[in-house]
Amino acid sequence: MKIPSLLLRFPHCCFSRRTYFPNFHFTSRVDFLCIESLTPAQHYQTKWISSSNGLRRELRQQVAPDQQVEELSDREQRLVDRLYSGLIQGHRACLAESITLVESTQSRKKKIAQVLLQKVLSYHREQEKLNQGKPLAFRVGLSGPPGAGKSTFIECFGKMLTERKYKVSVLAVDPSSSTSGGSLLGDKTRMTELSRDMNAYIRPSPTRGTLGGVTRTTNEAILLCEGGGYNVVLVETVGVGQSEFAVADMVDMFILLLPPAGGDELQGIKRGIIEMADLVAINKADGDLVVPARRIQAEYVSAMKLLRKRSKVWRPKVMRISAKTGEGISDMWDKMTEFHDLTLTSGELIAKRRKQQKVWMWNLIQENMLEHFRSHLAVKDKIPLLEEKVLHGVLSPGLAADLLLKAFKDSV
Ligand SMILES: Nc1nc2c(ncn2[C@@H]2O[C@H](COP(=O)(O)OP(=O)(O)OP(=O)(O)O)[C@@H](O)[C@H]2O)c(=O)[nH]1
């Protein structure tokens, strides 16, 4: 006799047998029950098979990518459609609302955001195909210590670009906003002229306190800006933490803006970040500061010669500019477009973007896995005790880690 099977799909990561099973009455005719559970967080399916021994988890398999997006209610779908059509028509309010959606920590909103992003991504693919594979926007990262002149520079640079008919968006990654509630980069008094320009869009990007937070919300905001027709996306971060490394990993070109000062004044700048720079701009090269700016430029030129070459077609440049007078800004844009064209024709730009996508995915997995691990019932209560034992030298860190990992593995 053919065994009848019943296939159900639950949008749950895991479910308890007690919750769902009382509703099913097995008769002699239905002696095989298969429940498929779709786990949105981990994107794999689990089959639960009922047999005479009770419920048994049978198999876990990868779900095809197009099956991963959750089904939305009609209301939610209407929201996605409205935001999507407004976004690609270039409405700033829809872009702002879409970014707010991807920044949301609420699980339902996160799901709606993922559906929207999938739509925007497929729009990207179509547009890039029409554009012969050329990316929709030039992604530029800008970092520098407080007071280097970042906002003055963005105001001047952004205005120059909008006058040249570019659409510019500025995402200010602010590592201070999640910890202090304050805002280094997001305050509204910055870039007043540019923020009134209809071809510019400025947005502080909160970090949610983790590097993964920077990566996720900012990366997704970049995609949305590009979908909104912004062809230069500038990601600004203050160069005193870790966020600039995350930003360097999500842009095509990374620029370091420095004041004409050395030594103590630049203590906050991490050495490693200089190695990430494709262009170093020494700002404030005007008035009395021209001479120190020249000296600092020479110092950086010789220091950067010693750095490992990261590109076959580009050597990092050191330039002098003045965001206040505008001097050097146009030359700087020429150098930036040269970088863009060279890396695009050599294939480096596309290869870099692909690599960044992978890094982005693994960063998110790492962050989510750790969170999942720490809050898992099987290990949550054991952590403080084991940490205490490690602190007092009673247990080695390796053994404590093994014990926690074993408790976790045994429970899944
Ligand atoms: N002389 C001169 N001063 C400048 C120039 N660019 C900026 N400044 C001045 O430097 C100071 C800091 O400039 P901001 O643009 O606020 O610097 P920032 O890097 O955005 O600073 P934070 O907002 O603290 O991160 C201001 O007083 C500016 O007027 C420049 O090209 N030349």
Side-chain angles (χ1 to χ4, degrees), residues 133-135 137-145 148 150 153 157 173 211 214-215 218-219 222 232-263 266-283 285 292-321 328-363:
K134 208 173 150 206
F138 185 15
R139 302 172 183 171
V140 181
L142 178 80
S143 186
K150 292 181 296 299
F153 168 78
F157 179 70
V173 174
L211 222 50
V214 177
T215 322
T218 314
N219 255 313
I222 292 176
V232 179
V233 180
L234 205 59
V235 186
E236 178 200 10
T237 181
V238 65
V240 289
Q242 286 295 318
S243 61
E244 62 271 26
F245 288 95
V247 168
D249 249 334
M250 62 179 83
V251 292
D252 304 326
M253 181 176 202
F254 185 67
I255 297 176
L256 191 60
L257 193 78
L258 297 176
L266 295 184
Q267 259 181 2
I269 281 280
K270 300 248 166 24
R271 218 190 93 71
I273 202 63
I274 294 161
E275 292 165 19
M276 314 282 291
D278 299 301
L279 195 154
V280 174
I282 314 292
N283 190 28
R294 269 206 197 111
R295 199 190 67 240
I296 299 292
Q297 182 186 22
E299 277 175 22
Y300 274 93
V301 168
S302 41
M304 290 182 84
K305 276 190 190 135
L306 305 174
L307 297 179
R308 193 171 51 88
K309 215 174 161 201
R310 282 182 299 120
S311 158
K312 287 200 173 84
V313 291
W314 182 259
R315 290 289 293 168
K317 307 276 180 290
V318 186
M319 303 185 74
R320 266 178 291 125
I321 58 159
I329 305 282
S330 177
D331 290 347
M332 186 171 156
W333 175 242
D334 291 344
K335 281 275 171 273
M336 289 167 69
T337 46
E338 188 188 333
F339 171 91
H340 185 261
D341 296 346
L342 284 172
T343 51
L344 185 66
T345 28
S346 69
E348 279 187 19
L349 192 141
I350 302 295
K352 188 176 183 176
R353 281 199 177 188
R354 289 201 178 131
K355 209 169 127 203
Q356 287 172 345
Q357 297 289 98
K358 215 162 116 182
V359 171
W360 175 13
M361 181 187 87
W362 281 108
N363 280 349

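In what follows, every heavy atom counts, from backbone to side chain, and hydrogens, waters and symmetry copies are set aside. If you read the sequence from its start, that first residue is 1, and numbering goes on from there.
- Closest heavy-atom contact between V280 and A277: CG2-CB, 4.0 Å.
- Residues K312 and K309 share a closest heavy-atom pair of O-NZ, 4.0 Å.
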Residues T343, K352; criterion side-chain contact (heavy atoms from CB on, under 4.5 Å); working and verdict: CA-CA 9 Å; T343 51; K352 188 176 183 176; over 6 Å; no
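- Under a 3.5 Å cut-off, the side chain of S143 and the backbone N or O of T237 do form a donor-acceptor pair.
- Here the options are V140, I222, T218, the test is side chain to side chain contact (heavy atoms under 4.5 Å, CB included), and the partner is V233; only I222 passes.
- For A285, the side-chain contact (heavy atoms from CB on, under 4.5 Å) criterion is met by A293, R320, not counting sequence neighbours.
- Residues P135 and I350 have side chains in contact (heavy-atom distance under 4.5 Å, counting atoms from C-beta outward).
- Between the NZ atom of K134 and the CG atom of L344 there is a distance of 7.0 Å, given to the nearest 0.5 Å.
- Not counting sequence neighbours, the partners of R353 by the salt bridge (Lys or Arg N to Asp or Glu O under 4.0 Å) test are D252.
- Checked against side-chain contact (heavy atoms from CB on, under 4.5 Å), V301 has the following partners two or more places apart in sequence or in another chain: Q297, K305, V318.
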Residues 332-340 side chain polar contacts: donor-acceptor under 3.5 Å, at least two apart:
residue, atom, partner, partner atom, Å
T337, OG1, W333, O, 3.1
T337, OG1, D334, O, 2.9

I would like to know whether D249 and W360 meet side-chain contact (heavy atoms from CB on, under 4.5 Å); could you show each step before the answer? CA-CA 8 Å; D249 249 334; W360 175 13; over 6 Å; no
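- Tested against I282, the residues I296, L256, L257 include a single side chain to side chain contact (heavy atoms under 4.5 Å, CB included) partner, I296.
- Contact between A148 and N283 at its shortest, heavy atoms only, is O-ND2, 2.9 Å.
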What's the verdict on side-chain contact (heavy atoms from CB on, under 4.5 Å) for I255 and L142, showing C-alpha distance, side-chain angles and the deciding distance? CA-CA 5 Å; I255 297 176; L142 178 80; 3.8 Å; yes
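- E275 places no side-chain N or O within 3.5 Å of a backbone atom of L307 that could act as its donor or acceptor partner.
- Taking every heavy atom of both residues into account, V247 and V173 meet most closely at CG2-CG2, 4.1 Å.
- Listed here is the closest heavy atom pair of P316 and M304: CB-CE, 3.5 Å.
- Every residue was checked against the side-chain hydrogen bond (donor to acceptor under 3.5 Å, both in side chains) condition with S346, not counting sequence neighbours, and none meets it.
- In this structure R310 satisfies the salt bridge (Lys or Arg N to Asp or Glu O under 4.0 Å) test together with D278, sequence neighbours excluded.
- A pairwise comparison of heavy atoms in P292 and P260 identifies CB-O, 3.9 Å as the closest pair.
- Counting only distance, with no hydrogens or angles, the side chain of K150 and the backbone of P145 share a donor-acceptor pair below 3.5 Å.
- With sequence neighbours excluded, no residue forms a side-chain hydrogen bond (donor to acceptor under 3.5 Å, both in side chains) with R315.
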